[in-house]
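Notes follow once the structure below has been shown.
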Amino acid sequence: MTTPFNVNKTTKYIKRGLFCLLIIIATACKKTGSSVVPVKDTVATTPPVTPVVFPSPTYDPASLDTTRLFNAVPVTNHLFRTDLVEISGVAASRLTRGLLYIHNDSGNPNQVYLTDGTGADKGTLTLTRESNRDWEDIAVGPGPVAGKSYVYVADIGDNDAKYKTIMIYRFPEPDLTGKTLPVTLDINDVDKIELRYPDGSRNAETLMIDPKTKDIYIASKENNLSKIYVARYPQSTVAIITLTPVVKLLFNKATGGDISADGTEILLRSKESIWYWKLPAGLSITAGLLTKPQYAPYFNNEPQGEGVCFAADGSGYYTNTEVRDYPGSLATISFYKRK
């Protein structure tokens, strides 16, 4: 007959036996060097991407007023050269009084054309070693050699946002003193400044040079948005430069811009309107772009307004237009005189 005492005794022996068995197994594992290998996570991971942050202005674009510093109706002249139908940028010479640099965009020769406010043919500069992938703007400003004036050509157009980098071509302004116009010159010595955006490829048509710092500014062309970036001076000509974000403006499809020769005024344009900044003394371009602009006069007299630039002497500003898709239209130069 089984008694409770016998049951408890049997259970006690079983527990002791199991405990001894566990000790034996553990001892054997240590002697043979066996260990439990943790399961590794084999799922590939991607480091988190740091977001690109753009400061945004606090003003309401719908509340902008219009500056009264310039005439509302421009003086407009047709270009003498009727073959220039895809004009994009415009910039004012610092060396030759009244001279303007203009150029065509993609699919056209690697040339910069010389004109003035009357639309006259003043000549052609050929960048012999560069191609015109999609030249969209041009600017004039200081550069690496003190006292010299430079022309900057912006190969920044990218309608399909497919290019990993963009290019700025820089060369000294040619001295036309004593030359018979129209002049034809080859530009063989060109600096190449290669840039990339910190937040992916995009289209742009605006180049601006800060005459005080020699910084390069680029404004993207997007729907109801323009991101402005900067490449600080000195810019490398051997390594790719990643642009720095400056400001995100609620500006629709920017096609051109400029900074005045004294660095106190900024223009940014689209096909429909022009924004104008007058900067307080001592305010940088970067800080100024965060302040509230005004509208500058625009007469809507261009089929496809593209470029804008200040006159070198500050007497007003110029605009130009593309006419390729507007049969019967002629390319023009318009000048808005300062009052």
Side-chain angles (χ1 to χ4, degrees), residues 44-64 134 136-137 139 141 152 154-168 193-237 239-259 263-270 273-295 308:
T45 58
T46 302
V49 177
T50 303
V52 177
V53 178
F54 286 81
S56 296
T58 56
Y59 59 81
D60 180 2
S63 69
L64 303 187
D134 195 357
E136 286 293 353
D137 206 3
Y152 294 75
D155 200 344
I156 58 177
D158 189 2
N159 290 326
D160 298 323
K162 63 183 180 180
Y163 300 124
K164 293 182 179 180
T165 61
I166 54 178
M167 195 75 72
I168 307 297
I193 302 170
E194 191 170 8
L195 309 171
R196 65 175 160 229
Y197 297 103
D199 52 346
S201 302
R202 63 199 58 249
N203 190 30
E205 296 187 4
T206 300
L207 169 71
M208 300 182 288
I209 308 299
D210 186 338
K212 295 180 178 179
T213 64
K214 308 177 190 178
D215 295 339
I216 296 173
Y217 288 85
I218 292 174
S220 70
K221 181 183 181 182
E222 304 179 52
N223 291 325
N224 300 311
L225 181 69
S226 182
K227 292 180 177 179
I228 298 183
Y229 307 80
V230 66
R232 302 292 182 191
Y233 185 84
Q235 298 91 15
S236 174
T237 57
I240 298 174
I241 302 167
T242 299
L243 291 160
T244 301
V246 173
V247 63
K248 182 169 60 177
L249 301 176
L250 297 179
F251 188 85
N252 186 47
K253 294 184 178 179
T255 63
D258 195 27
I259 299 171
T264 66
E265 297 173 289
I266 307 171
L267 291 170
L268 183 67
R269 77 159 298 176
S270 67
S273 64
I274 302 174
W275 281 9
Y276 167 77
W277 286 263
K278 176 62 178 177
L279 307 185
L283 194 67
S284 69
I285 297 298
T286 294
L289 286 166
L290 283 164
T291 64
K292 186 177 181 178
Q294 295 175 291
Y295 282 111
V308 65

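Sequential numbering from 1 along the given sequence is applied to the chain's residues.
With rounding to the nearest 0.5 angstrom, the CG atom of L289 is 6.5 Å from the CG atom of L249. Between D158 atom CG and E205 atom CD the span is 11.0 Å, to the nearest 0.5 Å. For the atom pair T255 OG1 and I274 CD1, the distance stands at 8.5 Å (nearest 0.5 Å). Atoms CG and NZ, on N203 and K162 in that order, are 11.5 Å from each other to the nearest 0.5 Å. In this structure, CH2 on W277 lies 10.5 Å from CD1 on I259, to the nearest 0.5 angstrom. Separating the CH2 atom in W275 from the NZ atom in K292 is a distance of 10.5 Å, to the nearest 0.5 Å.
The distance between the ring centers of Y229 and F54 falls below 6.0 angstrom.
For S220 (side chain) and E222 (main-chain N/O), no donor-acceptor pair under 3.5 Å exists by modelled atom type. At least one donor-acceptor pair closer than 3.5 Å links the side chain of R202 to the backbone N or O of G200.
T286 and Y217 share a side-chain donor-acceptor pair at under 3.5 Å. For the residue pair T165/R196, the side-chain donor-acceptor check at 3.5 Å is not satisfied. Side-chain atoms of K164 and S201 form no donor-acceptor pair, as typed in the model, at a separation below 3.5 Å.
In this structure, L283 and T291 have side chains that are in contact, with non-hydrogen atoms separated by less than 4.5 Å. T264 is listed as a side-chain neighbour of K278, based on a closest heavy-atom distance under 4.5 Å. A 4.5 Å side-chain heavy-atom check between L267 and E265 finds every atom pair outside the cut-off. Annotation: side chain of F251 is not in contact with side chain of P61 (no heavy-atom distance under 4.5 Å). Contact annotation: the side chain of D210 never approaches that of Y233 to less than 4.5 Å [non-hydrogen atoms, C-beta and beyond]. Side chains of L207 and I216 form a contact here, defined as non-hydrogen atoms less than 4.5 Å apart. Taking the side chain as every heavy atom from C-beta outward, I285 and D215 never approach each other to under 4.5 Å. Between I156 and T206 the shortest side-chain heavy-atom distance does not fall below 4.5 Å.
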**Report entry** Trace of the side-chain contact (heavy atoms from CB on, under 4.5 Å) decision for I193 with T237
**Finding:** CA-CA 5 Å; I193 302 170; T237 57; 4.3 Å; yes
Query raised in the report: Given K227 and D199, is the side-chain contact (heavy atoms from CB on, under 4.5 Å) satisfied, shown in steps?
Result: CA-CA 10 Å; K227 292 180 177 179; D199 52 346; 3.1 Å; yes
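Environment of NZ in K248: sparse, with no more than 12 heavy atoms of neighbouring residues, nucleotides or ligands closer than 6.0 Å.
For G141 against I209, the heavy-atom pair with the smallest separation is CA-CG2, 4.3 Å. The heavy-atom pair separating P55 from L290 by the smallest distance is CB-CD2, 3.9 Å.
Partner of I168 under the side-chain contact (heavy atoms from CB on, under 4.5 Å) criterion, out of I241, D137, D155, I218: I218 alone.
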